[in-house]
2 protein chains.
Amino acid sequence: MVDVSEFPVTATGTSVQILETLIERNGAGVTEIADVLDRSKSSVHNHLETLTGLGFVIKDGYDYRVSLRFLTIGSYARSQYPLYAAGVSEVAQLSTASGCSAGLAVLEGDSVVCLHHRLGPDTDTPRVEAGDRLPLDCTAAGKAILAALGEARRDELLAGHTFDSGTGQSHSSRSELDAELGTVRTRGLAVDREEWYPDQRGIAAAVEGVDGELRGAIYLLTATEGLSGKRFQQDLPGLVISSANSIRNTLRESETGCRE
Amino acid sequence: MVDVSEFPVTATGTSVQILETLIERNGAGVTEIADVLDRSKSSVHNHLETLTGLGFVIKDGYDYRVSLRFLTIGSYARSQYPLYAAGVSEVAQLSTASGCSAGLAVLEGDSVVCLHHRLGPDTDTPRVEAGDRLPLDCTAAGKAILAALGEARRDELLAGHTFDSGTGQSHSSRSELDAELGTVRTRGLAVDREEWYPDQRGIAAAVEGVDGELRGAIYLLTATEGLSGKRFQQDLPGLVISSANSIRNTLRESETGCRE
DNA sequence: AAATGCGTTCGGTATTGGTGAACACATTTA
DNA sequence: TAAATGTGTTCACCAATACCGAACGCATTT
């Protein structure tokens with residue numbers, strides 16, 4: 001958890017700290033939070049009353065919980081990314097056609113965030129949710145995005161990166177990663193071979209806008225079990241690439257003002 | 001917009017006011033916000049720096065935008081409702097089987113909120129998003145939920161209700177609504193006949209937990225065009241009711257500790 | 001009937017959020 | 001080239017307020 005006291009408006013920091021406590025504990029009461037955060041009950045009570053009044057917290061009985069207002073604002077935040085509107089129906093199509101789970105991811109700040117995820121017919125893939133952060137170096141989407149960035153930005157993201165997430169089947173150093181990113185760039189496709197979750201493979205392609213700048217990535221997730229080499233190396237990659245192209249076209253239409 | 005100064009922690013109120021401005025204007029800069037809210041630039045700057053540090057706001061260039069952190073927390077808030085986990089795959093099935101859009105809604109505080117929405121193959125239904133609020137009296141989901149509540153709670157929700165949302169095809173008074181809610185209770189099904197959006201019809205059924213308490217509703221949305229009377233009065237209602245039953249069973253399993 | 005749990009209210013005070021002016025930097029105008 | 005305008009940012013001052021701690025009301029438990 002971030003140290004909330006290092007920012008100029010400490011009261012807002014306290015409110016957020018209380019929100020995080022509510023999330024961590026799946027709802028809590030005034031006294032409980034005051035204990036955990038080592039604050040007075042009255043202070044906590046004031047914050048909760050404020051957050052409730054503002055619609056971010058719901059009180060039921062003795063418990064306070066975070067409200068669906070976050071989902072409302074979250075849906076809006078997602079709609080800020082043109083990739084979402086342009087890609088959501090293509091994800092449905094990709095997921096149906098491939099029988100795999102599929103989704104969209106974007107780079108926000110220094111993390112790759114899942115914008116949308118659709119569970120496939122073979123339901124035994126990890127339960128990724130919209131809003132989840134994806135590891136940079138051991139997921140197909142992360143690699144696709146890294147490869148599409150300029151070197152300066154990539155260096156920023158990987159500064160101090162430890163290469164310790166995922167299953168350990170992935171790279172152990174920056175130079176190994178850089179080598180793979182070269183391949184990703186030439187193929188226009190990134191893969192993850194059981195590097196993120198055991199028995200799970202991923203395939204992803206970056207999507208750029210009309211200006212050539214990165215808009216995000218579309219990815220596909222599937223269980224290794226019963227997956228033939230040809231399917232992983234030819235069929236599925238083909239579907240992902242064609243989906244990415246389709247999204248690029250939709251994006252071009254919306255970014256240039258429709259069917260130029 | 002709520003008056004933010006009526007709550008004890010005014011600084012949090014100000015932060016939220018700034019967030020709302022960012023949403024309203026699709027991102028904004030320090031000066032712009034200071035103008036709109038009639039506050040000093042330094043104050044706005046401090047709040048934005050705090051919100052950025054806490055991860056709720058993203059700065060790109062001169063603009064600040066709300067971040068996907070809201071989506072992350074929103075997904076969590078949604079997962080607090082057992083109806084979501086129990087119903088999301090049933091919604092997919094219902095949507096596929098019926099060819100309509102379908103979704104889940106719950107009562108939070110005094111509003112009915114959409115937990116999940118899946119666009120159907122016939123894509124010309126309103127673009128409902130997770131987190132959207134649904135009108136109480138002119139949507140099928142709203143009526144299903146109202147009908148399932150105790151009288152006291154229903155009175156609370158409808159106190160001061162104006163019956164002016166939707167297309168105007170709906171009820172104009174509380175007594176008319178009450179009459180329909182009786183029918184809803186006996187049929188176990190609520191409908192909306194172009195009352196919310198023109199040319200759109202809805203069907204919904206409430207879902208209760210093992211304690212008999214309301215957990216929310218599952219709904220279906222479809223265009224009137226090309227919809228036969230039999231389909232709207234028999235086929236689709238049958239699908240919705242069987243979906244609701246299926247979710248009730250899933251809920252029972254999870255609430256009693258799996259396959260009792 | 002006493003004791004413990006909860007959330008809430010209240011006054012006092014040290015902290016701090018807000019202001020407005022000055023600043024650095026970029027872009028636009030003359 | 002120089003001035004003018006537009007950003008976001010920094011700073012010192014002061015009134016406003018977020019915080020504390022004790023008291024309170026109300027349940028539930030002992």
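Any value given below was found using the heavy atoms of this structure, including those in side chains, with hydrogens, waters and symmetry copies removed. Order of the sequence lines fixes the chain letters, A, B, ..., with proteins taken first and strands second; residue numbering starts at 1 for each chain.
OP1 or OP2 of dT9(D) sits under 4.0 Å from a side-chain N or O of K59(B). Here T31(A) does not reach the OP1 or OP2 of dG5(C): none of its side-chain N or O atoms lies under 4.0 Å away.
Ring-plane geometry between F70(A) and F70(B) is classed as parallel, the angle between the planes falling under 30 degrees on a 0 to 90 degree scale with a further cut at 60.
In this entry the distance linking CG of L48(B) with P of dG8(D) reads 9 Å, nearest Å. When rounded to the nearest whole Å, the span between CG of L37(A) and C1' of dA18(D) equals 15 Å. Straight-line distance from the NE2 atom of H47(B) to the C1' atom of dT19(C): 12 Å, rounded to whole Å. In this structure, the CG atom of D35(B) is 12 Å from the C1' atom of dT7(D), given to the nearest Å. Between the CG atom of L51(B) and the C1' atom of dG17(C) there is a distance of 14 Å, given to the nearest Å. H45(B) has its NE2 atom 15 Å from the P atom of dT19(C), to the nearest Å. Atom CD in E32(B) sits about 13 Å away from atom C1' in dG6(D), given to the nearest Å. Summarising the geometry, the separation between CG on D60(B) and C1' on dG8(D) is reported as 14 Å, rounded to the nearest angstrom.
By the neighbour-count criterion of 12 heavy atoms within 6.0 Å, atom CD of E151(A) is sparsely surrounded, having that number or fewer from other residues, nucleotides or ligands. The neighbour count for R153(A) CZ, taken as heavy atoms of other residues, nucleotides or ligands under 6.0 Å away, is above 12. The number of heavy-atom neighbours closer than 6.0 Å to CZ of R133(A), taken from other residues, nucleotides and ligands shown, is 12 or below.
Contacts between residues 6-15 of chain B and DNA chain D, defined by a heavy-atom separation below 4.0 Å, involve P8(B), V9(B), T10(B), A11(B), listed by number.
Without hydrogens or angle criteria, E90(A) side chain to I247(A) main chain gives no donor-acceptor distance under 3.5 Å. A donor-acceptor pair under 3.5 Å is formed between the side chain of R69(A) and the backbone N or O of L54(A). Looking at R154(B), its side chain does come within 3.5 Å of a backbone N or O of L149(B) through a donor-acceptor pair.
Scanning for ring-ring contact (aromatic ring centres under 6.0 Å, His included) contacts around F163(A) gives H161(A), with sequence neighbours left out. Qualifying side chain to side chain donor-acceptor pair (under 3.5 Å) partners for H117(A), counting only residues two or more places apart in sequence or in other chains: Y219(A).
Residue pairs meeting the salt bridge (charged side-chain N to carboxylate O under 4.0 Å, His left out) criterion with at least one member in residues 41-58 of chain A: none, sequence neighbours excluded.
Between R65(A) and D60(A) there is a salt bridge, since at least one side-chain N of the basic residue sits less than 4.0 Å from a carboxylate O of the acidic one.
Axis angle, first five pairs versus last five pairs of the helix from dA1(C)-dT30(D) to dA30(C)-dT1(D): 30°, rounded to 10°.
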Readout for nucleotides 20-30 of chain D: B = base within 4.0 Å of protein heavy atom, S = sugar-phosphate only, - = neither; 5' to 3' it is BB---------
